[in-house]
2 protein chains.
Amino acid sequence: MGPIRNLLADVDVTEQQWRVLRVLEEGGPMEPTRIAEQSCLLLPSLTRILQKLDEKKLIQRKTDKTDRRRQIVRITPRGSRLIEENLDKNLAFLEEVRTRLGPERFDTLLDLLTALNQLDQEPPEAG
Amino acid sequence: MGPIRNLLADVDVTEQQWRVLRVLEEGGPMEPTRIAEQSCLLLPSLTRILQKLDEKKLIQRKTDKTDRRRQIVRITPRGSRLIEENLDKNLAFLEEVRTRLGPERFDTLLDLLTALNQLDQEPPEAG
DNA sequence: CCGATATATTTAACATGTTTATCATTTTCT
DNA sequence: AGAAAATGATAAACATGTTAAATATATCGG
(Lines give C-alpha, C1' and ligand atoms only; values in the text may rest on other atoms or scores of the structure.)
Protein backbone atom coordinates (compact mmCIF):
# COMPACT_ATOMS: atom_id res chain seq x y z
CA MET A 1 0.00 0.00 0.00
CA GLY A 2 3.00 2.23 0.01
CA PRO A 3 2.10 3.92 -3.29
CA ILE A 4 -1.40 4.72 -2.02
CA ARG A 5 0.01 6.15 1.18
CA ASN A 6 2.24 8.37 -0.88
CA LEU A 7 -0.64 9.65 -2.96
CA LEU A 8 -2.67 10.41 0.13
CA ALA A 9 0.25 11.91 2.02
CA ASP A 10 0.39 14.59 -0.66
CA VAL A 11 -3.06 15.76 0.43
CA ASP A 12 -2.35 15.13 4.12
CA VAL A 13 -4.66 12.21 4.89
CA THR A 14 -3.81 8.69 6.01
CA GLU A 15 -5.18 5.48 4.55
CA GLN A 16 -7.63 5.12 7.42
CA GLN A 17 -8.79 8.71 7.19
CA TRP A 18 -9.31 8.21 3.48
CA ARG A 19 -11.31 5.06 4.13
CA VAL A 20 -13.60 6.87 6.55
CA LEU A 21 -14.14 9.68 4.09
CA ARG A 22 -15.03 7.22 1.36
CA VAL A 23 -17.51 5.43 3.59
CA LEU A 24 -19.19 8.75 4.36
CA GLU A 25 -19.17 9.83 0.73
CA GLU A 26 -20.78 6.62 -0.44
CA GLY A 27 -23.03 5.84 2.50
CA GLY A 28 -24.11 9.33 3.44
CA PRO A 29 -24.23 10.74 6.98
CA MET A 30 -24.10 8.05 9.65
CA GLU A 31 -23.11 7.20 13.23
CA PRO A 32 -19.57 6.34 14.29
CA THR A 33 -20.56 2.78 15.12
CA ARG A 34 -21.67 2.15 11.57
CA ILE A 35 -18.64 3.91 10.14
CA ALA A 36 -16.47 1.62 12.23
CA GLU A 37 -18.14 -1.49 10.84
CA GLN A 38 -17.89 -0.37 7.26
CA SER A 39 -14.31 0.83 7.47
CA CYS A 40 -13.03 -2.08 9.57
CA LEU A 41 -11.91 0.17 12.41
CA LEU A 42 -12.40 -0.19 16.15
CA LEU A 43 -14.28 2.61 17.83
CA PRO A 44 -11.35 3.97 19.85
CA SER A 45 -9.33 4.32 16.65
CA LEU A 46 -12.26 5.87 14.86
CA THR A 47 -12.77 8.38 17.63
CA ARG A 48 -9.28 9.75 17.10
CA ILE A 49 -9.60 9.66 13.33
CA LEU A 50 -12.85 11.61 13.44
CA GLN A 51 -11.16 14.19 15.64
CA LYS A 52 -8.41 14.65 13.07
CA LEU A 53 -10.86 14.82 10.17
CA ASP A 54 -12.89 17.35 12.11
CA GLU A 55 -9.83 19.55 12.68
CA LYS A 56 -9.11 19.38 8.97
CA LYS A 57 -12.70 20.42 8.22
CA LEU A 58 -13.23 17.32 6.13
CA ILE A 59 -16.22 16.17 8.21
CA GLN A 60 -18.85 17.70 10.48
CA ARG A 61 -20.50 16.16 13.55
CA LYS A 62 -23.71 16.83 15.39
CA THR A 63 -25.40 14.98 18.20
CA ASP A 64 -28.55 13.10 17.32
CA LYS A 65 -31.62 14.93 18.59
CA THR A 66 -33.61 11.86 19.58
CA ASP A 67 -30.72 10.01 21.28
CA ARG A 68 -28.05 12.26 22.68
CA ARG A 69 -25.55 9.40 23.01
CA ARG A 70 -25.43 9.14 19.26
CA GLN A 71 -23.88 11.51 16.81
CA ILE A 72 -24.26 11.95 13.09
CA VAL A 73 -21.15 12.39 11.02
CA ARG A 74 -21.27 13.90 7.58
CA ILE A 75 -18.60 14.68 5.02
CA THR A 76 -18.09 18.35 4.14
CA PRO A 77 -17.92 19.73 0.60
CA ARG A 78 -14.21 20.07 1.15
CA GLY A 79 -14.04 16.38 2.07
CA SER A 80 -16.00 15.43 -1.02
CA ARG A 81 -13.71 17.48 -3.17
CA LEU A 82 -10.66 15.75 -1.70
CA ILE A 83 -12.14 12.40 -2.65
CA GLU A 84 -13.13 13.53 -6.08
CA GLU A 85 -9.63 14.78 -6.77
CA ASN A 86 -7.90 11.57 -5.70
CA LEU A 87 -10.28 8.69 -6.32
CA ASP A 88 -9.16 8.03 -9.87
CA LYS A 89 -5.53 7.63 -8.95
CA ASN A 90 -6.47 5.30 -6.12
CA LEU A 91 -8.67 3.11 -8.27
CA ALA A 92 -5.99 3.07 -10.94
CA PHE A 93 -3.48 1.72 -8.47
CA LEU A 94 -5.93 -0.91 -7.30
CA GLU A 95 -6.45 -1.99 -10.88
CA GLU A 96 -2.72 -2.20 -11.40
CA VAL A 97 -2.37 -4.53 -8.44
CA ARG A 98 -5.30 -6.57 -9.71
CA THR A 99 -3.65 -6.89 -13.10
CA ARG A 100 -0.24 -7.75 -11.76
CA LEU A 101 -1.58 -10.42 -9.40
CA GLY A 102 -4.00 -11.69 -12.02
CA PRO A 103 -7.65 -10.61 -11.98
CA GLU A 104 -9.03 -14.04 -11.05
CA ARG A 105 -6.51 -14.53 -8.28
CA PHE A 106 -7.14 -11.01 -7.05
CA ASP A 107 -10.88 -11.58 -6.85
CA THR A 108 -10.35 -14.92 -5.16
CA LEU A 109 -8.15 -13.23 -2.61
CA LEU A 110 -10.86 -10.71 -1.79
CA ASP A 111 -13.42 -13.50 -1.42
CA LEU A 112 -11.18 -15.50 0.90
CA LEU A 113 -10.39 -12.49 3.03
CA THR A 114 -14.07 -11.74 3.34
CA ALA A 115 -14.74 -15.34 4.33
CA LEU A 116 -11.96 -15.26 6.89
CA ASN A 117 -13.37 -12.07 8.31
CA GLN A 118 -16.80 -13.69 8.56
CA LEU A 119 -15.37 -16.50 10.70
CA ASP A 120 -14.72 -14.05 13.48
CA GLN A 121 -18.35 -12.98 13.57
CA GLU A 122 -19.74 -16.53 13.62
CA PRO A 123 -19.63 -18.70 16.72
CA PRO A 124 -17.17 -21.57 16.48
CA GLU A 125 -18.60 -25.06 15.98
CA ALA A 126 -19.89 -26.43 19.25
CA GLY A 127 -18.28 -29.85 18.69
CA MET B 1 -6.31 -13.34 15.87
CA GLY B 2 -8.03 -12.42 19.10
CA PRO B 3 -7.83 -15.93 20.53
CA ILE B 4 -4.10 -16.12 19.88
CA ARG B 5 -3.54 -12.75 21.46
CA ASN B 6 -5.39 -13.99 24.52
CA LEU B 7 -3.23 -17.09 24.79
CA LEU B 8 -0.08 -15.03 24.49
CA ALA B 9 -1.28 -12.32 26.82
CA ASP B 10 -1.40 -14.94 29.56
CA VAL B 11 2.37 -15.30 29.26
CA ASP B 12 2.92 -11.59 28.67
CA VAL B 13 4.05 -11.52 25.06
CA THR B 14 2.44 -9.88 22.04
CA GLU B 15 1.86 -11.49 18.66
CA GLN B 16 4.86 -9.71 17.21
CA GLN B 17 7.12 -10.62 20.10
CA TRP B 18 5.98 -14.23 19.72
CA ARG B 19 6.76 -14.12 16.02
CA VAL B 20 10.28 -12.86 16.65
CA LEU B 21 10.88 -15.57 19.22
CA ARG B 22 9.71 -18.24 16.82
CA VAL B 23 11.97 -16.94 14.07
CA LEU B 24 14.93 -17.11 16.45
CA GLU B 25 13.98 -20.55 17.72
CA GLU B 26 13.71 -21.97 14.24
CA GLY B 27 16.41 -20.01 12.45
CA GLY B 28 18.99 -19.81 15.21
CA PRO B 29 20.94 -16.69 16.20
CA MET B 30 20.79 -13.97 13.58
CA GLU B 31 20.97 -10.23 12.91
CA PRO B 32 18.04 -7.84 13.34
CA THR B 33 17.86 -7.18 9.62
CA ARG B 34 17.26 -10.84 8.89
CA ILE B 35 14.79 -11.17 11.76
CA ALA B 36 12.87 -8.26 10.30
CA GLU B 37 12.61 -9.92 6.90
CA GLN B 38 11.49 -13.22 8.29
CA SER B 39 8.97 -11.81 10.73
CA CYS B 40 7.56 -9.17 8.38
CA LEU B 41 8.49 -6.30 10.66
CA LEU B 42 10.15 -3.00 9.87
CA LEU B 43 13.42 -2.34 11.64
CA PRO B 44 12.18 0.51 13.84
CA SER B 45 9.42 -1.75 15.17
CA LEU B 46 11.83 -4.60 15.62
CA THR B 47 14.24 -2.41 17.57
CA ARG B 48 11.59 -1.74 20.19
CA ILE B 49 10.44 -5.34 20.24
CA LEU B 50 13.98 -6.58 20.81
CA GLN B 51 14.32 -4.12 23.67
CA LYS B 52 11.20 -5.53 25.31
CA LEU B 53 12.27 -9.13 24.76
CA ASP B 54 15.65 -8.28 26.21
CA GLU B 55 14.08 -6.79 29.33
CA LYS B 56 12.06 -9.95 29.72
CA LYS B 57 15.23 -12.03 29.38
CA LEU B 58 13.74 -13.93 26.48
CA ILE B 59 16.61 -13.01 24.13
CA GLN B 60 20.27 -11.96 24.39
CA ARG B 61 22.23 -9.65 22.13
CA LYS B 62 25.90 -9.16 21.41
CA THR B 63 27.68 -7.03 18.85
CA ASP B 64 29.35 -8.87 16.00
CA LYS B 65 33.10 -8.97 16.46
CA THR B 66 34.03 -8.54 12.81
CA ASP B 67 31.50 -5.76 12.10
CA ARG B 68 30.57 -3.68 15.08
CA ARG B 69 27.54 -2.20 13.36
CA ARG B 70 25.90 -5.61 13.41
CA GLN B 71 24.57 -7.50 16.34
CA ILE B 72 23.69 -11.13 16.86
CA VAL B 73 20.43 -11.93 18.59
CA ARG B 74 19.83 -15.29 20.19
CA ILE B 75 16.91 -16.73 22.09
CA THR B 76 17.52 -17.65 25.75
CA PRO B 77 16.56 -20.96 27.36
CA ARG B 78 13.73 -19.10 29.03
CA GLY B 79 12.56 -17.92 25.62
CA SER B 80 12.73 -21.42 24.22
CA ARG B 81 10.75 -22.74 27.15
CA LEU B 82 8.06 -20.10 26.57
CA ILE B 83 7.70 -21.26 22.99
CA GLU B 84 7.70 -24.91 23.92
CA GLU B 85 4.94 -24.34 26.44
CA ASN B 86 2.67 -22.45 24.03
CA LEU B 87 3.37 -23.67 20.55
CA ASP B 88 0.84 -26.51 20.60
CA LYS B 89 -2.06 -24.27 21.52
CA ASN B 90 -1.08 -21.83 18.83
CA LEU B 91 -0.82 -24.46 16.13
CA ALA B 92 -4.12 -25.93 17.28
CA PHE B 93 -5.84 -22.61 16.81
CA LEU B 94 -4.32 -22.22 13.38
CA GLU B 95 -5.62 -25.66 12.44
CA GLU B 96 -9.07 -24.74 13.70
CA VAL B 97 -9.13 -21.68 11.45
CA ARG B 98 -7.88 -23.80 8.58
CA THR B 99 -10.66 -26.30 9.14
CA ARG B 100 -13.39 -23.72 9.52
CA LEU B 101 -12.37 -21.85 6.39
CA GLY B 102 -11.78 -25.07 4.50
CA PRO B 103 -8.27 -26.48 4.15
CA GLU B 104 -8.01 -25.88 0.41
CA ARG B 105 -9.30 -22.35 0.67
CA PHE B 106 -6.99 -21.69 3.59
CA ASP B 107 -3.97 -22.88 1.66
CA THR B 108 -5.03 -20.86 -1.36
CA LEU B 109 -5.31 -17.80 0.82
CA LEU B 110 -1.77 -18.23 2.09
CA ASP B 111 -0.50 -18.64 -1.47
CA LEU B 112 -2.28 -15.53 -2.67
CA LEU B 113 -1.04 -13.46 0.25
CA THR B 114 2.49 -14.61 -0.45
CA ALA B 115 2.09 -13.69 -4.11
CA LEU B 116 0.71 -10.29 -3.19
CA ASN B 117 3.63 -9.73 -0.89
CA GLN B 118 6.04 -10.66 -3.68
CA LEU B 119 4.55 -7.95 -5.89
CA ASP B 120 5.97 -5.31 -3.59
CA GLN B 121 9.49 -6.66 -3.97
CA GLU B 122 9.36 -6.87 -7.76
CA PRO B 123 9.65 -3.82 -9.97
CA PRO B 124 6.39 -2.85 -11.69
CA GLU B 125 6.12 -3.56 -15.41
CA ALA B 126 7.95 -0.92 -17.40
CA GLY B 127 5.08 -0.48 -19.87
C1' DC C 1 45.44 7.57 4.29
C1' DC C 2 41.21 10.48 3.85
C1' DG C 3 36.89 12.14 2.56
C1' DA C 4 32.60 10.59 0.44
C1' DT C 5 29.33 6.77 0.54
C1' DA C 6 27.12 2.99 2.06
C1' DT C 7 25.33 -0.08 5.67
C1' DA C 8 23.22 -1.61 10.30
C1' DT C 9 20.77 0.00 13.87
C1' DT C 10 18.51 3.31 16.67
C1' DT C 11 15.74 7.43 17.75
C1' DA C 12 11.98 10.62 17.10
C1' DA C 13 7.44 11.86 15.96
C1' DC C 14 3.03 10.94 14.81
C1' DA C 15 -0.96 7.70 13.64
C1' DT C 16 -3.24 3.55 14.49
C1' DG C 17 -4.30 -1.12 16.95
C1' DT C 18 -5.93 -3.03 21.11
C1' DT C 19 -7.79 -3.65 25.68
C1' DT C 20 -9.83 -1.81 29.65
C1' DA C 21 -12.08 1.82 31.96
C1' DT C 22 -15.06 5.84 32.04
C1' DC C 23 -18.91 9.03 30.96
C1' DA C 24 -23.28 10.25 29.44
C1' DT C 25 -27.59 8.83 28.08
C1' DT C 26 -31.17 5.62 27.39
C1' DT C 27 -33.76 1.46 28.19
C1' DT C 28 -35.49 -2.16 31.15
C1' DC C 29 -37.53 -4.01 34.96
C1' DT C 30 -40.01 -3.80 39.00
C1' DA D 1 -40.64 6.73 39.33
C1' DG D 2 -36.08 4.77 40.34
C1' DA D 3 -32.34 1.53 40.46
C1' DA D 4 -29.91 -1.59 37.42
C1' DA D 5 -28.41 -2.92 33.04
C1' DA D 6 -27.44 -1.68 28.30
C1' DT D 7 -25.66 1.40 24.70
C1' DG D 8 -22.76 5.00 22.12
C1' DA D 9 -18.83 7.36 22.42
C1' DT D 10 -14.56 8.78 24.55
C1' DA D 11 -10.29 8.40 27.34
C1' DA D 12 -6.19 6.12 28.95
C1' DA D 13 -2.28 3.25 28.46
C1' DC D 14 0.70 0.56 26.04
C1' DA D 15 2.43 -1.73 21.64
C1' DT D 16 3.16 -1.45 16.88
C1' DG D 17 3.21 0.79 11.95
C1' DT D 18 5.46 4.18 9.29
C1' DT D 19 8.50 7.72 7.68
C1' DA D 20 12.37 10.68 8.31
C1' DA D 21 16.44 11.72 10.68
C1' DA D 22 20.39 10.52 13.48
C1' DT D 23 24.43 7.42 14.97
C1' DA D 24 28.00 4.43 14.53
C1' DT D 25 30.83 1.77 11.82
C1' DA D 26 32.56 0.03 7.54
C1' DT D 27 33.88 0.37 2.67
C1' DC D 28 35.29 2.71 -1.53
C1' DG D 29 37.77 5.78 -4.55
C1' DG D 30 41.44 8.63 -5.34
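Numbers restart at 1 for each chain; the letters A, B, ... are given by sequence-line order, proteins then strands. Heavy-atom basis, side chains included; hydrogens, waters and symmetry copies ignored.
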**Q** Just the rounded figure in Å: distance from P of D:dG8 to CZ of A:Arg34.
**A**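 One finds 11 Å between P of D:dG8 and CZ of A:Arg34, rounded.
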**Q** Which of these nucleotides, D:dA9, C:dA15, D:dA11, is closest to any side-chain atom of A:Thr14?
**A**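 From the listed options, C:dA15 comes nearest.
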**Q** Considering every strand and a 4.0 Å limit on heavy-atom distances, what is the contact class for A:Leu46: base, sugar-phosphate, or nothing?
**A**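 No contact.
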**Q** Nearest whole Å is fine: how far is D:dA24 P from B:Gln71 CD?
**A**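 One finds 15 Å between P of D:dA24 and CD of B:Gln71, rounded.
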**Q** Name the pairs: protein N/O against N/O of nucleotides 26-29 of chain D, kept only if under 3.5 Å.
**A**
{"unit_1": "D:dA26", "atom_1": "OP1", "unit_2": "B:Arg68", "atom_2": "N", "d": "3.0"}
{"unit_1": "D:dA26", "atom_1": "O4'", "unit_2": "B:Arg69", "atom_2": "NE", "d": "3.4"}

**Q** In this structure, how many angstroms lie between the P atom of C:dG17 and the CZ atom of A:Arg19, rounded?
**A**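 Going from CZ in A:Arg19 over to P in C:dG17 covers 7 Å.
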**Q** Donor-acceptor pair under 3.5 Å: do we get one between B:Arg5's side chain and the base of C:dG17?
**A**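 It does not, because no donor-acceptor pair links the side chain of B:Arg5 to the base of C:dG17 below 3.5 Å.
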**Q** Give the rounded distance in Å between these two atoms: CD1 of A:Ile72 and P of D:dA9.
**A**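 Rounded to the whole Å, the gap is 8 Å.
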**Q** If only side-chain N and O atoms of B:Arg61 are considered, is one of them under 4.0 Å from the OP1 or OP2 phosphate oxygen of C:dT10?
**A**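 B:Arg61 to C:dT10 OP1/OP2: side-chain N or O found under 4.0 Å.
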**Q** Should the pair A:Arg98-A:Asp107 be classified as a salt bridge under the 4.0 Å nitrogen-to-oxygen rule?
**A**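 A salt bridge is present here (some side-chain N lies under 4.0 Å from a carboxylate O).
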**Q** What is the separation between atom CD on B:Glu15 and atom P on C:dT16, rounded to the nearest whole Å?
**A**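 Rounded to whole Å, this separation is 20 Å.
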**Q** Is the distance from OP1 or OP2 of C:dT16 to the nearest side-chain N or O of A:Lys52 less than 4.0 Å?
**A**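 For C:dT16, OP1 or OP2 has a side-chain N or O of A:Lys52 closer than 4.0 Å.
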**Q** Check the hydrophobic clustering (I, L, V, M, F, W, Y; side-chain heavy atoms under 4.5 Å; chains of links allowed) and say if B:Ile72 and B:Leu50 are grouped together.
**A**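 B:Ile72 and B:Leu50: separate clusters.
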**Q** Out of C:dA15, C:dG17, D:dT16, which has the shortest distance to the side chain of B:Gln16?
**A**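 Taking heavy atoms from C-beta onward, the closest nucleotide is D:dT16.
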**Q** Rounded to the Å, how far apart are A:Leu50 CG and D:dA9 P?
**A**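 That distance rounds to 9 Å.
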**Q** Measure from CG on A:Leu42 to P on D:dT10 and round the result to the nearest Å.
**A**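 Going from A:Leu42 (CG) to D:dT10 (P), I get 14 Å.
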**Q** Can you spot which of A:Val73, A:Ile75, A:Ile35 makes a side-chain contact (heavy atoms from CB on, under 4.5 Å) with A:Val20?
**A**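 When A:Val73, A:Ile75, A:Ile35 are each tested with A:Val20, the side-chain contact (heavy atoms from CB on, under 4.5 Å) holds only for A:Ile35.
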**Q** Does B:Ser45 have a side-chain nitrogen or oxygen under 4.0 Å from the phosphate oxygens OP1 or OP2 of D:dG17?
**A**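 So the side chain of B:Ser45 is within the cut-off, an N or O lying under 4.0 Å from OP1 or OP2 of D:dG17.
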**Q** Which nucleotide in the list C:dT11, D:dT18, C:dT16 gets nearest to the side chain of B:Thr47?
**A**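 That would be C:dT11.
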**Q** Check whether the side chains of B:Ser80 and B:Glu25 place a donor and an acceptor atom closer than 3.5 Å, and report yes or no.
**A**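 A pair is found: one side chain offers a donor N or O, the other an acceptor, under 3.5 Å apart.
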**Q** How long is the line joining CZ of B:Arg70 and P of C:dT7, in whole Å?
**A**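 Atom CZ in B:Arg70 sits about 10 Å away from atom P in C:dT7.
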**Q** With a 4.0 Å cutoff (strictly under), does any side-chain N or O of A:Gln51 reach OP1 or OP2 of D:dT10?
**A**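 No, no such contact exists.
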**Q** Verify salt bridge (Lys or Arg N to Asp or Glu O under 4.0 Å) between A:Glu26 and A:Arg22, making sure each step is shown before the conclusion.
**A** CA-CA 6 Å; A:Glu26 296 183 8; A:Arg22 284 210 54 191; 2.5 Å; yes
**Q** Less than 4.5 Å apart, any side-chain heavy atom of B:Pro32 and any of B:Leu43?
**A**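 Heavy-atom side-chain distance check passes, below 4.5 Å.
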**Q** Please assess B:Asn90 against B:Trp18 for the test side chain to side chain contact (heavy atoms under 4.5 Å, CB included), listing each intermediate value before the final yes or no.
**A** CA-CA 10 Å; B:Asn90 270 265; B:Trp18 171 261; 3.8 Å; yes
